Amino acid sequence: MVCGDETRTNIVKALSLPSEPPTTDSWADKLYTCTYALPSGHLLLSVKETSDPAAARAFFDGLQQQAAGAAPIEGLANLGFPAFQTPTSAVFTKDNFVLTVDAAALPATLGPHDVSRDAFAYQIATAVLACWSE
C-alpha cells in the first residue's frame, strides 16, 4: 500500500509533480519500506508488522519515546488511532501495524503551497490510512 499507485498518486497531487517519482522498496524483519525519490529529497514510508495489536502498540510507544519533539495527535485528527507527530514525521498504529511517514530528508517547506514537512507527512499518512484495508 505505501508503495502503491494510490499513494504515489496522492504524493504527485500534493506536490504538483510533473510525473510519478521513482521508488525503491525493501522488506526485512517484518518492516516494509518504500522510499520516494522526490525532486527535493527522499520521503520514506514504512510499515512495521507485529504479531498482534498489543505488540504494535508497544512498538509504537517505543518509537514515540525515542522521537525528538513527539506530540500525540488527538481528537478527530488521529482518525481514531493512536498517533503522534514530530516536526518531520507522522506515525499511526492500526491493528498489528505501525505506519511511519518520515519527511526528514525533505526541505522545511515543499510543494506549490509551501507545506511544512510535518503537515506533508500527516497528509500522506492519513491518505494511506484512508485506503488501508486488511
Side-chain angles (χ1 to χ4, degrees):
M1 171 77 49
V2 296
C3 234
D5 291 339
E6 194 164 353
T7 300
R8 191 175 294 114
T9 298
N10 285 325
I11 291 169
V12 168
K13 286 180 182 178
L15 299 177
S16 297
L17 298 175
S19 62
E20 292 185 350
T23 59
T24 55
D25 64 326
S26 66
W27 172 256
D29 298 323
K30 296 194 175 199
L31 180 69
Y32 180 74
T33 60
C34 182
T35 303
Y36 288 82
L38 301 175
S40 57
H42 289 86
L43 175 67
L44 177 67
L45 281 72
S46 65
V47 176
K48 176 69 172 180
E49 180 182 5
T50 66
S51 57
D52 57 45
R57 183 57 191 252
F59 182 81
F60 168 88
D61 289 344
L63 290 176
Q64 187 172 13
Q65 290 173 357
Q66 296 172 12
I73 299 173
E74 299 176 326
L76 294 176
N78 71 12
L79 308 176
F81 303 114
F84 71 88
Q85 194 157 17
T86 73
T88 61
S89 66
V91 181
F92 285 79
T93 184
K94 179 180 184 220
D95 303 323
N96 62 312
F97 300 98
V98 178
L99 168 67
T100 302
V101 178
D102 182 352
L106 296 174
T109 61
L110 57 155
H113 304 291
D114 291 325
V115 175
S116 65
R117 288 182 291 199
D118 64 331
F120 179 65
Y122 173 81
Q123 179 182 3
I124 299 306
T126 56
V128 168
L129 286 168
C131 60
W132 191 324
S133 61
E134 298 182 57

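Just so we're clear, the structure is a prediction, and the values are computed from it rather than from any experiment.
- Tracing side-chain contacts under 4.5 Å through hydrophobic residues (I, L, V, M, F, W, Y), one never reaches Leu63 starting from Phe92; they form parts of separate clusters.
- In this structure, Ala90 and Ala125 approach most closely via the heavy-atom pair CB-CB, 4.1 Å.
- If you take OG on Ser16 and CG on Leu110, they are separated by 11.0 Å, rounding to the nearest 0.5 Å.
- No side-chain donor-acceptor contact under 3.5 Å links Thr7 to the backbone of Cys3.
- With hydrogens and angles ignored, the 3.5 Å screen pairs no side-chain donor or acceptor of Thr35 with any backbone N or O of Leu44.
- Val12 and Glu20 get closest at one heavy-atom pair: CG2-CA, 3.7 Å.
- Under a hydrophobic clustering in which Ile, Leu, Val, Met, Phe, Trp and Tyr are joined whenever their side-chain heavy atoms come within less than 4.5 Å, directly or via other members, Tyr122 and Tyr36 fall into the same cluster.
- A donor-acceptor pair is defined here as one N or O able to donate and one able to accept, closer than 3.5 Å; no such pair exists between the side chain of Gln64 and the backbone of Ala70.
- The side chain to side chain contact (heavy atoms under 4.5 Å, CB included) with Val2 is formed by just one residue from the set Asp25, Leu99, Val101; it is Leu99.
- The structure places SG of Cys34 at 8.5 Å from CG of Leu43, a figure rounded to the nearest 0.5 Å.
- The two residues Ala68 and Pro87 have their closest heavy-atom pair at O-CD, 3.8 Å.
- Residue Asp5 qualifies as open at atom CG: its count of foreign heavy atoms under 6.0 Å is 12 or below.
- Contact between Pro21 and Ala37 at its shortest, heavy atoms only, is CB-O, 3.5 Å.
- Summarising the geometry, atom OG1 belonging to Thr100 is positioned 8.0 Å from atom CG belonging to Leu31; distances are rounded to the nearest 0.5 Å.
- Annotation for Arg8 and Thr23: closest pair NH2-OG1, 3.6 Å, computed over non-hydrogen atoms.
- Within the 4.5 Å cutoff, the side chain of Lys30 has no heavy atoms near those of the Thr50 side chain.
- The line from CG of Leu15 to NE2 of His113 is 10.0 Å long, rounded to the nearest 0.5 Å.
- Linking Ile, Leu, Val, Met, Phe, Trp and Tyr whenever their side-chain heavy atoms come within less than 4.5 Å puts Phe120 and Leu45 in one cluster.
- With contacts defined as side-chain heavy-atom distances shorter than 4.5 Å, the pair Ser46/Asp102 does not qualify.
- Taking all atoms of both residues into account, the shortest heavy-atom contact from Leu129 to Phe81 is CD1-CD1, 4.3 Å.
- A continuous path of hydrophobic side-chain contacts links Ile11 to Val47 [ILVMFWY only; heavy atoms under 4.5 Å].
- Once rounded to the nearest 0.5 Å, the distance linking CG of Asn78 with CD of Gln85 reads 11.5 Å.
- Under the 4.5 Å side-chain heavy-atom criterion for grouping Ile, Leu, Val, Met, Phe, Trp and Tyr, Phe60 is not connected to Tyr32 through any hydrophobic cluster.
- In this structure, the side chain of Asn10 engages the main chain of Glu6 through a donor-acceptor pair within 3.5 Å.
- Between the side chains of Ser116 and Asp118, a donor-acceptor pair is found at a separation under 3.5 Å.
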